[in-house]
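Residue numbers begin at 1 in each chain, while the letters A, B, ... track the order of the sequences.
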2 protein chains.
Amino acid sequence: MPKIGDKLRELRRRRDLSGRELALRSGISHAAISLIERDHMSPSIDTLTAILDALGTTLTGFFMDLPSRLPYTPFYGASELVEIGKPQAISYRMIGMNHPNRQLLMLHETYTEGADTGLAFTHTAQEAGMVTRGAIELTVGSECRVLHSGDGYYFDSRLPHRFRNVAPGKSEILSAITPPTY
Amino acid sequence: MPKIGDKLRELRRRRDLSGRELALRSGISHAAISLIERDHMSPSIDTLTAILDALGTTLTGFFMDLPSRLPYTPFYGASELVEIGKPQAISYRMIGMNHPNRQLLMLHETYTEGADTGLAFTHTAQEAGMVTRGAIELTVGSECRVLHSGDGYYFDSRLPHRFRNVAPGKSEILSAITPPTY
DNA sequence: AGGGCTTGTTTAGTATTTTTAACACTCCTA
DNA sequence: TAGGAGTGTTAAAAATACTAAACAAGCCCT
């Protein structure tokens with residue numbers, strides 16, 4: 001009943017993949033992919049999962065559809081990023097402040113030497129990021145690790161988490177949170 | 001792969017429906033429902049849609065709050081980021097690949113000299129990011145601007161957009177997209 | 001023009017889902 | 001105690017998803 005074919009094909013094309021390439025990555029035959037994309041058959045959850053997986057997507061993301069938007073300016077110069085933290089300790093500079101219907105919160109975080117968020121909980125949200133400078137000790141639940149420039153993270157904000165700057169000087173993170181619970 | 005059985009049974013029980021009653025309302029046999037609920041078979045999108053329909057739910061709603069009961073590691077070392085692009089031109093390295101129910105897609109993008117995405121459209125999504133190295137010419141709708149290290153952006157992916165590396169060498173972006181339908 | 005690559009489609013056969021029908025069990029009630 | 005009406009599970013056929021192989025069309029060579 002749901003016509004997922006067009007959406008799937010569009011997704012694949014956007015990634016610049018041929019049917020055969022996607023078949024190879026997903027483990028599904030290219031014939032099946034062709035049939036699914038033209039709505040000639042309704043894939044099982046398992047096969048659709050495999051396909052979306054190879055496209056870097058999830059069932060949730062795939063089936064989600066959002067309402068409309070307004071015109072605005074998409075650019076945010078480094079100096080225009082709005083500060084929503086405490087620059088003396090931890091600076092949170094926000095990207096996308098003026099967006100009419102924000103659904104994710106993107107932050108440029110700067111930690112001064114020794115800065116520490118302490119243990120934090122949030123409602124149900126998800127958080128991802130990458131260290132771009134220095135070294136950050138990240139604790140999530142019972143796990144702990146030091147992340148250096150280029151290392152990333154992704155966790156459920158429901159778990160208690162804590163960021164601590166362990167570099168001799170400033171550290172920086174670029175992070176994203178959804179939904180934007182700020 | 002995804003074990004949707006428990007969630008389905010829980011949903012049905014919460015509505016105080018028997019397997020046969022749900023079968024009647026959905027048009028699916030009660031045997032099939034039993035098998036699906038015990039993860040003995042992977043339903044097609046059509047049949048799952050019919051079942052969820054009878055339960056007053058949608059595919060989106062169903063997959064959105066699928067419990068993430070799987071243990072996972074929130075850390076992603078720089079070398080573990082999964083490549084979903086084409087390193088010769090534009091590399092998209094994904095943070096959060098193993099997350100059980102991803103709701104945002106975070107990417108570390110590396111553009112080789114002169115790399116160009118060409119004009120791209122998406123359905124309804126939102127995208128934010130910051131240039132961390134080099135210089136990127138970003139076009140969104142009718143607007144165009146060159147972003148340097150430290151500059152950010154936030155736009156609606158429904159608008160036609162294009163990234164082009166205009167630096168003499170590699171450029172890098174750290175970006176986030178939600179929902180993860182890139 | 002003709003090979004050799006790619007692309008997406010079709011067809012026939014295999015595997016899996018889905019149905020139909022029977023089985024086993026509990027809880028009522030006569 | 002026996003029977004009916006409810007529940008969920010299993011075992012057969014039937015229908016459908018899926019695969020493997022062949023087909024057709026386009027593009028780039030020389």
Exam field: side chain Asp46(A) to backbone Ala50(A), donor-acceptor pair closer than 3.5 Å: no
Joint hydrophobic cluster, Val166(A) plus Tyr153(A), side-chain heavy atoms closer than 4.5 Å: no
CA sep, side-chain torsions, deciding dist, call: Phe163(A), Ile90(A), side chain to side chain contact (heavy atoms under 4.5 Å, CB included): CA-CA 10 Å; Phe163(A) 294 82; Ile90(A) 307 176; over 6 Å; no
Phosphate OP1/OP2 of dA21(D): any Arg20(A) side-chain N/O under 4.0 Å: no
Sequence-distant partners of Ser175(B), side chain to side chain donor-acceptor pair (under 3.5 Å), two or more places apart: Glu109(B)
Length of the CG-P vector between Leu24(B) and dT7(D), whole Å: 11 Å
Check against side chain to side chain contact (heavy atoms under 4.5 Å, CB included), Ile33(B) and Ser26(B): CA-CA 10 Å; Ile33(B) 287 172; Ser26(B) 62; 4.2 Å; yes
Outermost nucleotides of DNA chain C that come under 4.0 Å of a non-hydrogen atom of chain A: dT7(C) to dT10(C)
His30(B) backbone acceptor or donor facing Ser34(B) side chain under 3.5 Å: no
Sorted by number, the residues of residues 27-36 of chain A with heavy-atom contact under 4.0 Å to DNA chain D: Gly27(A), Ile28(A), Ser29(A), His30(A), Ala31(A), Ala32(A)
Interface with DNA chain D, restricted to residues 44-51 of chain A and to heavy atoms under 4.0 Å: Ser44(A), Thr47(A)
Integer-rounded Å distance: dT7(D) C1' and Glu37(B) CD: 13 Å
Side chain Thr60(A), main chain Phe63(B), donor-acceptor under 3.5 Å: yes
Thr117(B) side-chain N/O to Arg162(B) backbone N/O, donor-acceptor pair under 3.5 Å: no
Any donor-acceptor N/O pair, Thr112(A) side chain to Ala115(A) backbone, under 3.5 Å: no
Exam field: side chain Ser44(A) to backbone Pro43(B), donor-acceptor pair closer than 3.5 Å: no
Interatomic distance, Leu22(B) CG vs dT9(D) P [rounded to whole Å]: 13 Å
Under the side chain to side chain donor-acceptor pair (under 3.5 Å) test, residues paired with Asp151(B) that sit two or more places apart: none
Beyond-backbone contact of Leu59(A) with Phe62(B), side-chain heavy atoms, under 4.5 angstrom: no
Pairing string, 5' to 3', for DNA chain D - Watson-Crick or wobble contacts under 3.5 Å, brackets [ ] where pairs cross, | to another strand: |||||||||||||.||||||||||||||||
N/O (side chain, Arg38(B)) to phosphate O (OP1/OP2, dT10(D)) under 4.0 Å: yes
Exam field: side chain Thr139(A) to backbone Cys144(A), donor-acceptor pair closer than 3.5 Å: no
